[in-house]
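Heads up, the thing below is written out as structure tokens.
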Amino acid sequence: MSTVRCRIAPSPSGFLHLGTAKMALFNHLFARKMGGTFILRLEDTDAARTEEEFVSAMCEGFKWLGIDWDEGPAFGDEPEKGDYGPYRQSQRRDLHVREGLRLVEEGKAYKCFLTREEIAAEREAARRENRSFHSKWRDASPDEVAAMGDAPHVVRFRVPEGATVIEDLVQGTVRTENREIDDFVILKPNGDPIFHLAVVVDDGMMKITHVIRGDDHLTNAFRHVMLFNALGYDLPRFAHLPMVLDEAGKKYSKRMRGANVLDWRDDGYLPQALINYVALLGWTPEEENRELFTPEELQAHFTPDRWGKSAARFDLKKFNWLNGQHIRMLSVEELLDLVTPILEKAGFDLGGRSRPWLLQLAAMCREKLHTLNDIVAQTDFFFQDITEYEEKPVKKHWRKDDAAERMARLMAAMESVNDWTHDGIKAAYAKLAEETGEGLGKLVHPTRLALTGKSVGPGLFELAELLGKEECLKRMRAGLEYVKSL
Ligand code: GLU
């Protein structure tokens with residue numbers, strides 16, 4: 001195993017957001033590609049917002065996507081795993097405080113006793129003079145500090161002089177003058193660590209080698225680099241990735257459908273398709289124009305030199321296409337297992353159908369589905385009587401003077417079929433087309449309308465075979481009656 005160690009550190013404050021899933025995926029794929037370790041660490045310090053059900057919902061999202069962690073907290077029946085635990089930030093408070101106080105001892109941080117009013121006045125002065133915030137306690141003598149005893153205070157980091165430069169794997173070289181950064185708080189008045197300290201202590205102690213996260217953290221990274229150096233930890237490489245944007249080009253809002261990764265599961269998308277699509281939102285494959293990747297292929301090809309820094313919009317049309325491609329890569333058995341609960345939920349009675357019949361049904365639909373849920377509209381006519389016909393095709397195919405005659409001819413052709421299979425039915429239709437000199441389309445569309453009530457759906461001869469001769473004739477008869485009534 002290589003020394004690469006990377007992590008996802010989500011705050012479990014709701015569900016697994018698509019943007020977090022992207023960051024997790026990039027970390028996960030990178031770790032897998034490098035033979036490294038992928039760590040899940042829950043940043044659950046915001047106790048009021050963290051509820052166990054949120055943790056489970058988020059972990060369920062990871063599990064569904066196949067983003068498995070090598071080290072991380074307990075989940076369900078799985079115990080905590082890894083040598084660098086605990087993996088819940090809320091259980092690491094003592095470590096954060098200890099390291100924060102170590103910085104005070106080493107003179108790299110200091111206790112600051114400024115009152116609220118003093119802070120406001122200093123902020124105002126700093127603003128007027130166009131400089132960063134100073135605390136007078138930065139240069140206080142040990143005696144002055146000792147004289148304050150246990151008075152309320154925070155601990156501030158002593159921002160060093162000079163500049164901080166980050167060679168970001170995605171953003172390139174980014175730099176800031178340290179004087180632009182205030183001596184920021186690392187321990188709050190109640191002694192709690194703030195995010196910057198906690199994240200750096202955790203990354204440092206967990207020996208994280210690559211911090212791969214959203215570019216909303218890029219400005220925080222300067223503070224983090226300073227803290228890494230001050231604490232004496234090995235500095236990781238940073239990669240700040242663009243966020244996922246919605247179709248309108250805005251940050252993917254929490255409230256939008258699809259922000260929750262599990263919405264896609266409910267809407268009939270495959271996890272391997274979502275992984276493939278999300279990977280493409282920020283990574284350009286080496287093979288030009290190639291878009292379709294299995295999870296294994298992604299792991300093999302995924303290198304940071306091809307990560308991009310411009311944010312990509314979520315394009316549902318493209319994702320639908322990609323999902324369809326992944327559906328076609330499933331075996332018929334796999335597809336049937338996935339669609340069975342969907343068909344049952346739609347209220348279709350599968351009880352009376354044999355396994356071979358159901359497999360044939362799945363095989364027939366496999367080529368046409370964009371989402372698994374599409375199977376309902378593609379197959380409902382097998383499970384329920386046709387109570388209405390779509391208006392448009394009725395107008396096109398049945399509101400013709402010769403429509404009834406044609407329907408009668410089609411019925412006769414069907415009657416004549418002894419070998420009621422796709423090929424047998426097709427042969428009868430081909431023969432009729434030849435006899436009447438009509439194109440096959442003229443025969444197929446009115447038949448489809450009678451058998452399914454619709455103008456589009458699975459291949460006609462396949463669905464007719466599955467419906468059975470008797471049922472097809474019954475529906476043709478009903479269609480003919482309808483034509484006559486027009
Ligand atoms: N908890 C932070 C977030 O969810 C992650 C911070 C990090 O990755 O360093 O945005």
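Because only heavy atoms are used, hydrogens play no part in the values below, and waters and symmetry mates are left out as well, while side chains stay in. Bear in mind the structure is a predicted one, so any value in this text is a computation, not a measurement. Note that ligands are numbered from 1 as they come in the structure, with each ligand's atoms numbered from 1 the same way.
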Tell me, please, which residues at least two apart from T294 pass side chain to side chain contact (heavy atoms under 4.5 Å, CB included). E296, E297, M329
Is the distance between the ring centroids of F314 and W264 under 6.0 Å? yes
Side-chain contact, heavy-atom cut-off 4.5 Å: R158 with D139? yes
Which residues satisfy the side chain to side chain contact (heavy atoms under 4.5 Å, CB included) test with T209, sequence neighbours excluded? V4, R5
Enumerate, one pair per line, all nitrogen or oxygen atoms of ligand 1 lying under 3.5 Å from a protein nitrogen or oxygen, stating the separation to 0.1 Å; write 'none' if no such pair exists.
residue: ligand 1; atom: 1 (N); partner: A9; partner atom: O; Å: 2.8
residue: ligand 1; atom: 1 (N); partner: S11; partner atom: OG; Å: 3.3
residue: ligand 1; atom: 1 (N); partner: E43; partner atom: OE1; Å: 2.6
residue: ligand 1; atom: 8 (O); partner: R7; partner atom: NH1; Å: 2.8
residue: ligand 1; atom: 8 (O); partner: R7; partner atom: NH2; Å: 3.4
residue: ligand 1; atom: 9 (O); partner: R7; partner atom: NH2; Å: 2.7
residue: ligand 1; atom: 9 (O); partner: R213; partner atom: NH1; Å: 2.7
residue: ligand 1; atom: 10 (O); partner: H217; partner atom: NE2; Å: 2.8

For the pair E287 and R306, find out whether any cationic side-chain nitrogen is under 4.0 Å from an anionic carboxylate oxygen. no
Which donor-acceptor pairs under 3.5 Å do the side chains of residues 235-249 make with protein atoms, sequence neighbours left out?
residue: R237; atom: NH2; partner: E167; partner atom: O; Å: 3.2
residue: H240; atom: ND1; partner: D168; partner atom: OD2; Å: 2.7
residue: H240; atom: NE2; partner: R213; partner atom: NE; Å: 3.0
residue: H240; atom: NE2; partner: R213; partner atom: NH2; Å: 3.4
residue: D246; atom: OD1; partner: A248; partner atom: N; Å: 2.9
residue: D246; atom: OD1; partner: G249; partner atom: N; Å: 3.0
residue: D246; atom: OD1; partner: K250; partner atom: N; Å: 2.9
residue: E247; atom: OE1; partner: L316; partner atom: N; Å: 3.2

